[in-house]
Amino acid sequence: MAMFTGIVTDIGEVLEVERRGDLRARIGTGYDVGGIDIGASIACDGVCLTVIALGSAPRNWFDVEISAETLSKTNLDGWGPGSRINLERALKVGDELGGHIVSGHVDGLAEVVGVRPEGDSLRVTFRAPHALAGFIAPKGSVALNGTSLTVNEVEGVDFGINFIPHTQKATTWGGVKLGDRVNLEIDTMARYVARLREWGQ
């Protein structure tokens, strides 16, 4: 199983989409496609997808196929030409763990319910699905659209994240808007703690 850290290393652009029950997408990238194998895993807005084709004209690109099941549980159904997406290649043995362990399996969709500047940073409030809200804790980690982030505060099903200028520039978060649907993956550790508590009762 591929693993990621939630440290975005490229902002890709959806070049083409083709719907045939499943969705096939061509993604333009700054990655050297000569170093990517067919069958490699790349996290695209936090969703682990398999590379099925590669090319370099007129720019570097790779193709992925997204199942109807994945489309129903993520925001990838909103992809179209020009969509900007966060990309991360899978971890290799010896790579630095800069964020937190991320599987690329989205747990649900959060909604952006607040956006306000705080100095040069941006404070964004998200609303989590009720079933996932209990896994989100202040100072804990979440992955949102594939980005490893630290939770600032939690109030009920809502939680806040502070995006520093670097994160806004290095990811798609500089363009966040009210109402955006966001791929949410809860922290693996939180999942195991909850499971242990269930067994301890």
Side-chain angles (χ1 to χ4, degrees), residues 1-92 95-96 98-99 102-106 109-112 115 122 124 142-149 161 163-185:
M1 183 175 74
M3 300 299 288
F4 306 90
T5 65
I7 302 299
V8 172
T9 51
D10 187 30
I11 298 177
E13 180 187 358
V14 177
L15 303 177
E16 302 172 17
V17 292
E18 182 184 354
R19 293 182 183 272
R20 294 178 294 188
D22 292 348
L23 180 76
R24 181 168 175 147
R26 177 159 296 179
I27 298 169
T29 180
Y31 293 148
D32 173 11
V33 293
I36 300 175
D37 295 327
I38 299 295
S41 296
I42 298 179
C44 303
D45 262 356
V47 182
C48 178
L49 298 175
T50 301
V51 174
I52 60 172
L54 296 157
S56 57
R59 61 181 288 193
N60 289 352
W61 58 265
F62 62 91
D63 283 358
V64 293
E65 204 157 40
I66 306 146
S67 70
E69 170 77 6
T70 299
L71 290 173
S72 73
K73 290 182 163 45
T74 67
N75 64 11
L76 274 57
D77 62 340
W79 277 8
S83 296
R84 298 171 75 245
I85 57 175
N86 295 319
L87 300 179
E88 181 189 357
R89 296 192 61 184
L91 274 172
K92 298 190 292 289
D95 282 352
E96 180 182 351
V102 175
S103 70
H105 298 156
V106 170
L109 289 169
E111 181 186 356
V112 176
V115 179
L122 198 62
V124 181
V142 292
L144 297 174
N145 280 356
T147 312
S148 173
L149 297 161
I161 303 281
F163 291 92
I164 62 173
H166 170 78
T167 304
Q168 294 177 55
K169 290 176 187 169
T171 69
T172 59
W173 287 108
V176 64
K177 303 182 303 298
L178 279 174
D180 282 352
R181 296 179 309 141
V182 175
N183 294 324
L184 166 64
E185 181 183 332

**Study point:** Contacts of type side chain to side chain contact (heavy atoms under 4.5 Å, CB included), residue Pro81, not counting sequence neighbours
**Key:** Val17
Practice item. Identify, with sequence neighbours excluded, every residue that meets side-chain hydrogen bond (donor to acceptor under 3.5 Å, both in side chains) alongside Ser41. Key: none
Study note, to complete from the structure: Hits for salt bridge (charged side-chain N to carboxylate O under 4.0 Å, His left out) against Lys73, two or more places apart or cross-chain, chain-then-number order -> Glu69
Point to revise | Which residues share a salt bridge (charged side-chain N to carboxylate O under 4.0 Å, His left out) with Glu18, sequence neighbours left out | key: Arg20
Exercise for review: Mind running side-chain contact (heavy atoms from CB on, under 4.5 Å) on Asp10 and Glu88 for me, showing each step along the way?
Suggested key: CA-CA 7 Å; Asp10 187 30; Glu88 181 189 357; over 6 Å; no
Check your understanding: Is a donor on one side and an acceptor on the other found under 3.5 Å between the side chain of Glu65 and the backbone of Leu23?
Key -> no
Exercise for review: Start with the C-alpha distance between Trp173 and Leu144, add both sets of side-chain angles, then the distance that settles side-chain contact (heavy atoms from CB on, under 4.5 Å), and finish with yes or no.
Suggested key: CA-CA 10 Å; Trp173 287 108; Leu144 297 174; 3.6 Å; yes
Revision key, fill the gap. For Arg26, the salt bridge (charged side-chain N to carboxylate O under 4.0 Å, His left out) test, sequence neighbours excluded, returns Asp63
Review point. Does Ser103 offer a backbone N or O that forms a donor-acceptor pair with the side chain of Glu185 under 3.5 Å?
Key: yes
Review point. What pairs meet the salt bridge (Lys or Arg N to Asp or Glu O under 4.0 Å) rule with one or both residues in residues 31-52, with sequence neighbours excluded?
Key: none
Exercise for review: Under the side chain to side chain contact (heavy atoms under 4.5 Å, CB included) rule, collect the residues that match up with Ile164, sequence neighbours excluded.
Suggested key: Ser121, Asn162, His166, Thr167
Point to revise | Within residues 49-61 or reaching into it, pairs that qualify as side chain to side chain donor-acceptor pair (under 3.5 Å) - sequence neighbours excluded | key: Glu13-Arg59
**Study point:** Sequence-distant partners of Leu109, side chain to side chain contact (heavy atoms under 4.5 Å, CB included), two or more places apart
**Key:** Asn75, Arg181, Asn183
Review point. Where the side chain of Thr74 meets the backbone of Thr70, is there a donor-acceptor pair that is under 3.5 Å apart?
Key: yes
**Study point:** Residue pair Ser148, Thr5: steps toward the side-chain contact (heavy atoms from CB on, under 4.5 Å) verdict
**Key:** CA-CA 7 Å; Ser148 173; Thr5 65; over 6 Å; no
Point to revise | Which residues share a ring-ring contact (aromatic ring centres under 6.0 Å, His included) with Tyr31, sequence neighbours left out | key: none
Exercise for review: Applying salt bridge (charged side-chain N to carboxylate O under 4.0 Å, His left out), name anything that partners Asp22, two or more places apart in sequence or on another chain.
Suggested key: none
Exercise for review: List for me each residue that meets side chain to side chain contact (heavy atoms under 4.5 Å, CB included) alongside Val8, sequence neighbours excluded, and say none if there are none.
Suggested key: Asn86, Thr147, Thr171
